[in-house]
Undergrad: 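Would you mind keeping the following structure in view while I ask a few things?
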Amino acid sequence: MSVISNHMPTEELQALDAAHHMHPFTCNGELAQKGARIITRASGVTLTDSEGHEILDAMAGLWCVNIGYGRDELADVAARQMRELPYYNTFFQTTHRPVIELSHKIAELAPDELNNVFFAGSGSEANDTNIRMVRHYWALKGKPSKSVIISRKNAYHGSTVGAGSLGGMSAMHEQGGMPIADVHHINQPNWWAEGGDSNPEDFGLARAQELEQAILELGEDRVAAFIAEPVQGAGGVIIPPKSYWPEIQRICDKYEILLIADEVICGFGRTGDWFASEALNIRPDIITIAKGLSSGYSPIGGSIVSDEVASVIATGEFNHGYTYSGHPVAAAVALENLRILEEEDILGHVKNVAAPYLKERWEALTDHPLVGEAKITGLMGSIALTPNKETRAAFAAETGTVGYICRERCFANDLVMRHVGDRMIISPPLIIKPNEIDLLMERATRSLDECLEHLQRNDMLRSA
Ligand SMILES: *Cc1c(COP(=O)(O)O)cnc(C)c1O
């Protein structure tokens, strides 16, 4: 039995947390003063904290709890697998039933040519695998100079040194010696923030053509791959203009650049399809997966690799792998998650019920005085907060100040809605019901109203 229980007073738990626990992506000094929120249990779309608040989790944890909280089936499968075979590695020419079955299932769900899975413990690790795999692929093809991976500013591909380098988060690059060599970043297709006077479709095309310019500048013989999220998630749910992806695909085909679609968020139903690549007509050579693969019930990630790339890699030993590649418990949990997604037709629920209803309600937020644009695809959405809708102005206050104020109002109103700069984002569990969407919208609107009041009171409704 644990000596620390949920029934201890919140302040005691917070003090112990502050004394010993270093939180990721957090100013721990500041948090120690304030005290962390303690989540004690969860069910469906609802979290409960140590003060008894019932919080609607419109972020599905970190974009991952797609089937919702509290599914006993996953706990049962994990317990059963732990008793039968808690661990064995997949290095020494060995395998086991859960990893065989999961590879098979993923190959069945993935687009046609993608039939091979290299497992990792997370999305970051999977993208580290991808860096090494695409470079090794070109080396095996006799083109070792093809080592540059092109990515995008404000992309998120994880937080290991490799994945963080692929990502385009400047605040991350400032710390700890990133990016690594031979990663090149082009601009993102964020029309709201960067589109100026151009129309969105022209802008999308121009931003895609930056890939071609980069390839020509670097030299075709230097470029291994392009990596991108079909829809940028952590960058603020940036849905690219329709013109963007077809042009990216054309350029990758023309110059024989491998395309890595990072579907860690988009995959497994978030956009209403098994993979966003399908709906967007993207033909990736590698798809990165994690998060929704297990609905976050156990840590697992991977790379789904095309037959072409896998067959080249198979010609020699790939000196790469993780202790927990294809972990049997994580694989069993992922399989059960996929079974539930399929048997309960949760993608159908997203496509036919939840997404259309949320879209209608979400897009109506543009009637709110603070909301410039409201974008949504499937069950991932964002709104841009602005002091001036016509000019799409940023706030005079430092970027993120207003977003943070809004997020604090959301927390106070028992809603987890995250901010990225001054964009507010949601990514609720896929099982969310219309009445829960109503509650989400009610709390979001109240939070926006309170944020607006706060800005007015403090003379902060000013443009940069
Ligand atoms: C979260 C995320 C990752 C990193 O996954 P981790 O499991 O946190 O390492 C990679 N790519 C995208 C698109 C993500 O959203």
Side-chain angles (χ1 to χ4, degrees), residues 150-156 167-171 184-218 226 228-252 254 276 280-282 359 362-377 380-404 406 419-426 448 451-452 455-456 459-464:
I150 300 176
S151 178
R152 307 180 299 178
K153 292 176 185 161
N154 197 38
Y156 189 78
M169 299 286 177
S170 51
H184 181 87
H185 295 90
I186 59 174
N187 284 304
Q188 58 173 336
N190 181 349
W191 175 81
W192 172 265
E194 301 173 3
D197 293 334
S198 64
N199 80 53
E201 296 309 321
D202 291 347
F203 175 76
L205 207 57
R207 282 289 156 102
Q209 283 160 356
E210 285 194 20
L211 175 59
E212 188 157 30
Q213 287 150 24
I215 294 167
L216 295 174
E217 273 162 36
L218 293 158
F226 174 66
E229 303 149 84
V231 176
Q232 282 158 271
V237 185
I238 313 294
I239 300 169
K242 286 203 163 45
S243 56
Y244 184 77
W245 273 108
E247 185 65 0
I248 291 285
Q249 183 66 58
R250 180 192 71 76
I251 295 165
C252 288
K254 178 172 176 191
L280 292 170
N281 256 320
I282 310 172
K359 182 178 164 71
W362 190 253
E363 289 178 345
L365 281 175
T366 50
D367 294 338
H368 194 278
L370 264 186
V371 177
E373 70 166 2
K375 301 289 259 183
I376 189 158
T377 177
M380 60 195 293
S382 60
I383 49 179
L385 306 182
T386 179
N388 187 330
K389 298 183 193 218
E390 274 64 54
T391 61
R392 312 207 302 275
F395 290 96
E398 192 189 337
T399 306
T401 311
V402 173
Y404 180 79
C406 186
H419 81 107
V420 176
D422 296 323
R423 284 184 92 85
M424 304 306 298
I425 61 178
I426 57 164
L448 284 165
C451 179
L452 177 63
L455 299 183
Q456 284 164 339
D459 190 26
M460 287 176 71
L461 209 55
R462 288 187 288 115
S463 302

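Numbers here are sequence positions counted from 1.
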Undergrad: Determine, stepwise, if the pair Tyr156 / Gln232 fulfils side chain to side chain contact (heavy atoms under 4.5 Å, CB included).
TA: CA-CA 7 Å; Tyr156 189 78; Gln232 282 158 271; over 6 Å; no
Undergrad: How long is the straight-line distance from CE of Met460 back to CZ of Phe395, given to the nearest 0.5 Å?
TA: 8.0 Å
Undergrad: Any side-chain heavy-atom pair from Met380 and Ile426 closer than 4.5 angstrom?
TA: no
Undergrad: With distance as the sole test, does Glu229 use its side chain to make a donor-acceptor pair with the main-chain N or O of Gly233 at under 3.5 Å?
TA: yes
Undergrad: Please examine the side chains of Val402 and Tyr404, heavy atoms only from C-beta on, and report whether any two atoms are closer than 4.5 Å.
TA: no
Undergrad: May I ask you to decide if Gly236's main-chain N or O and Arg423's side chain share a donor-acceptor pair within less than 3.5 Å?
TA: yes
Undergrad: Are His419 and Ile425 side-chain neighbours, meaning at least one heavy-atom pair lies under 4.5 Å?
TA: no
Undergrad: Can you tell me how far CG of Leu280 sits from NZ of Lys242, rounded to the nearest 0.5 angstrom?
TA: 9.0 Å
Undergrad: What closest approach, in Å, do Phe226 and Cys252 show between heavy atoms, and which atom pair accounts for it?
TA: CB-SG, 4.3 Å
Undergrad: Return the minimal non-hydrogen interatomic distance between Ser198 and Phe203, and the atom names on each side.
TA: OG-CB, 3.4 Å
Undergrad: More than 12 heavy atoms of other residues, nucleotides or ligands under 6.0 Å from CD of Glu201: is that the case?
TA: yes
Undergrad: Within 45 degrees of the axis of the six-membered ring of Trp191 and under 6.0 Å from its centre: does Arg207 put its NZ or CZ there?
TA: no
Undergrad: Just by distance, do the side chain of Trp362 and the backbone of Lys375 share a donor-acceptor pair under 3.5 Å?
TA: yes
Undergrad: Indicate yes or no for a side-chain donor-acceptor contact from His185 to the backbone of Gly167 under 3.5 Å, with no hydrogens or angles considered.
TA: yes
Undergrad: Would you say the side chain of Ile251 lies within less than 4.5 Å of the side chain of Ile215, judging by non-hydrogen atoms?
TA: yes
Undergrad: What distance separates Tyr244 OH from Ile282 CD1, expressed to the nearest 0.5 Å?
TA: 9.5 Å
Undergrad: Assess the residue pair Asn154 and Asn187 against the criterion (side chain to side chain contact (heavy atoms under 4.5 Å, CB included)); give the C-alpha distance rounded to whole Å, side-chain angles, the decisive distance to 0.1 Å, and a yes or no.
TA: CA-CA 8 Å; Asn154 197 38; Asn187 284 304; over 6 Å; no
Undergrad: For Leu365 and Val371, which heavy atoms make the closest approach, and how far apart are they?
TA: O-CB, 3.3 Å
Undergrad: Taking the side chain from Glu210 and the backbone from Ile186, do they hold a donor-acceptor pair closer than 3.5 Å?
TA: no
Undergrad: Could you report the tightest heavy-atom contact between Ile238 and Pro189, atom names first, then the distance?
TA: CG2-O, 3.7 Å
Undergrad: Can you give me the closest heavy-atom contact between Pro387 and Ser463, atom names plus distance?
TA: CG-OG, 3.6 Å
Undergrad: At what distance, to the nearest 0.5 angstrom, does CG of Leu452 lie from CG of Leu455?
TA: 6.5 Å
Undergrad: Can a donor-acceptor pair be found, under 3.5 Å and without considering hydrogens, that links the side chain of Trp245 to the backbone of Pro240?
TA: no
Undergrad: Please step through side chain to side chain contact (heavy atoms under 4.5 Å, CB included) for the pair Met424 and Leu385, ending with a clear verdict.
TA: CA-CA 8 Å; Met424 304 306 298; Leu385 306 182; 4.0 Å; yes
Undergrad: More than 12 heavy atoms of other residues, nucleotides or ligands under 6.0 Å from NZ of Lys389: yes or no?
TA: yes
Undergrad: Nearest 0.5 Å, what's the CD1-CD distance between Ile383 and Glu363?
TA: 12.5 Å
Undergrad: I need the Gln188 CD to Lys153 NZ distance, nearest 0.5 Å.
TA: 9.5 Å
Undergrad: Does Leu205 offer a backbone N or O that forms a donor-acceptor pair with the side chain of Ser243 under 3.5 Å?
TA: yes
Undergrad: Please step through side chain to side chain contact (heavy atoms under 4.5 Å, CB included) for the pair Leu211 and Ile150, ending with a clear verdict.
TA: CA-CA 8 Å; Leu211 175 59; Ile150 300 176; 3.8 Å; yes
Undergrad: Are any side-chain N or O atoms of Asp422 and backbone N or O atoms of Gly403, one a donor and one an acceptor, separated by less than 3.5 Å?
TA: yes
Undergrad: Distance-only, no hydrogens or angles: does the Thr366 side chain make a donor-acceptor pair with backbone N or O of Glu373 under 3.5 Å?
TA: no
